[in-house]
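Everything on this sheet refers to the single structure shown next.
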Amino acid sequence: MSGKHLNLKLKIWRQSGPQTAGSFVDYQIEVSPDDSFLEMLDELNNKLESEGKEPIAFESDCREGICGTCGLVINGQPHGPIPKIATCQLHMRNFNNGDTIWIEPFRAKAFPVLKDLIVDRSGFDEIMNAGGFISVNTGGVPDANDILIPKEVASESMDAAACIGCGACVAACKNASAMLFVSAKVSQFALLPQGKPERFRRVEKMVKVMDDLGFGSCTNTYACEAECPKGISIRNIARMNREYFLAKVKSKELEV
Amino acid sequence: MGWLSEALGSSIGKKFVMAFTGIGLILFLIFHLVGNLTLYGGPEAFNGYVHTLDIVKPIIRVIEVGLGLVFIFHIYNGIKLWWENKKARPNDYKISGKSKNSTLFSRTMIQTGSIVFIFLVLHLATFWWLFNFSGEPHEKGDAYYAIVVEWFQIEWYAIFYVIAVILLGFHLNHGFQSAFQTFGWNHKKYFQFIQKFGTAFAVIMALGFASFPIYFLFFYGGN
């Protein structure tokens, strides 16, 4: 343990259910600067439970920045003030003694609040179900290096695949647009030979579902890229736009 | 052609319409500014320029109709996008972190666009209407230049003109590079250049257009 404890004032969004109105509730807490942000919420919940109060509902799983489950809007920024980390990787040493911290859920029509800080992100699953896959033929195991893929192309695809689907892009975008997420998923497949056969159908269907779910349109503010814990580039959005135009002009299907 | 209307009505399609019409309007602005530079050549140069356009009036009329449609699509689509995007987040955040992750220019397109639109209406009602339909200019050779001088020497008009073209610069600063991103022309090698070029273009347009009212209000000794 190092450093002095921090006295913080927390203003946390409490909402008992999807249909009820929520509001901010004030909490006072003393934490170690070595605590992670989620550990601070754990400590607060322990305290609330010992007092017989309802603990704060929030999501987390791996707590090492790879699963994409955690996601809070901290002082107006998804995953907090430090770039390229998830909420679970944020530590209290980044705050000062006496700070007031506002904690809100991701806010979007397509991400309705279920309880307190938990939102329903199943819209992302629906988008993935629409085309975020490769229809693999079964058969014998192919030889290594049977399909040649240049290193730069593989790296670009992997950079797009680094998306953990946390939804921070939607939370950060002033239009609650899911373009960065969808474009990362479209790109990771479109770049590789295995993803090419279905590229047109994939982008058409994923965009259609994205629009139907009520996500907003991209207006190129690039807030998504700035807040993405994995640093997914907006060049993926440019690539998805190209894929989409090509698909609309060249695909054989009249209806998506 | 159901696929086409569906494509243009999708979220990406609406971006495409904004970018495509935006590029059209940018081309018009360049032509308009270059033509207006004849104002610095004095009454003869400017009136000569307007007379030249008068000679090819039928062609100009066709272009004007096209330009009007481009404006209408850009404005209609812009308002639609703004309205739908507002609905995509019914409850906004209590604390806004927007200034930390995006530029003011990119967030205020609807506001700067709206003021430019109000300006456009006023601009058409004064210069365009008077040049085309007042009848007066055709009788007097130097009336076009005189109309410009007269309006630009009205203080409120000149000040509003300057404010509007500065906001037009804000609008262009985001819009220029945004159009390239929308078309999918974002590449590590040249996108930074496009962004810088867009900013330079926006500054040149704003300063270029603002220079006319400033010149006639403060430096023109004709009256």
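Chain A is the first sequence line, chain B the second, and so forth, proteins listed ahead of strands; every chain is numbered from 1.
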More than 12 heavy atoms of other residues, nucleotides or ligands under 6.0 Å from [atom1] of [X]: yes or no?
| X | atom1 | result |
| --- | --- | --- |
| B:Y40 | OH | yes |
| B:E155 | CD | no |
| A:K84 | NZ | no |
| B:F28 | CZ | yes |
| B:F20 | CZ | no |
| B:F117 | CZ | no |
| B:Y215 | OH | yes |
| B:W128 | CH2 | yes |

Interface residue of largest heavy-atom contact number with chain A, from B:S10, B:S96, B:A19, under 4.5 Å:
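Heavy-atom pairs under 4.5 Å are most numerous for B:S10.
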Can you tell which of B:K188, B:H187, B:K14 has the highest number of heavy-atom pairs within less than 4.5 Å of chain A?
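Top option by heavy-atom pairs under 4.5 Å: B:K188.
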Contacting moiety of [X], where chain B heavy atoms sit under 4.5 Å:
| X | answer |
| --- | --- |
| A:K11 | neither |
| A:C224 | neither |
| A:I74 | neither |

Do [X] and [Y] have side-chain atoms, one donor and one acceptor, less than 3.5 Å apart?
| X | Y | answer |
| --- | --- | --- |
| A:Y222 | B:Q177 | yes |
| A:D211 | B:S11 | yes |
| B:T182 | A:N220 | yes |

What part of [X] gets closer than 4.5 Å to chain A, counting heavy atoms only: side chain, backbone, both or neither?
| X | value |
| --- | --- |
| B:K86 | neither |
| B:S178 | both |
| B:K94 | both |
| B:F191 | side chain |
| B:H174 | side chain |

Please check this pair: side chain of [X] against backbone of [Y], looking for a donor-acceptor N/O pair closer than 3.5 Å.
| X | Y | result |
| --- | --- | --- |
| B:R89 | A:N175 | no |
| B:Y93 | A:A171 | yes |
| B:Q181 | A:I237 | no |
| A:E104 | B:I95 | yes |

Considering only heavy atoms and a distance below 4.5 Å, find which of [options] pairs most often with chain B.
| options | value |
| --- | --- |
| A:R242, A:R235, A:E225 | A:R235 |
| A:C173, A:A110, A:P83, A:P81 | A:C173 |
| A:F245, A:F24, A:W13 | A:F245 |
| A:V207, A:V73, A:V113, A:L254 | A:V73 |
| A:G216, A:A108, A:P78, A:A223 | A:A223 |

[X] versus [Y]: any side-chain heavy-atom pair under 4.5 Å?
| X | Y | result |
| --- | --- | --- |
| B:N85 | A:T219 | yes |
| B:K100 | A:Q77 | yes |
| B:S102 | A:K174 | no |
| A:S251 | B:W3 | no |
| A:R107 | B:D92 | no |
| B:F16 | A:N241 | no |

Let's go through A:C218 and B:K15 carefully: what are the C-alpha distance in whole Å and the side-chain angles of both, what is the deciding distance for side-chain contact (heavy atoms from CB on, under 4.5 Å) to 0.1 Å, and is it a yes or a no?
CA-CA 7 Å; A:C218 174; B:K15 274 157 66 98; 3.2 Å; yes
What distance separates B:I12 CD1 from A:S217 OG, expressed to the nearest 0.5 Å?
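So the CD1 of B:I12 and the OG of A:S217 are separated by 9.0 Å.
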Tell me whether A:K248 is salt-bridged to B:E6, with the criterion being a basic N under 4.0 Å from an acidic carboxylate O.
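Yes.
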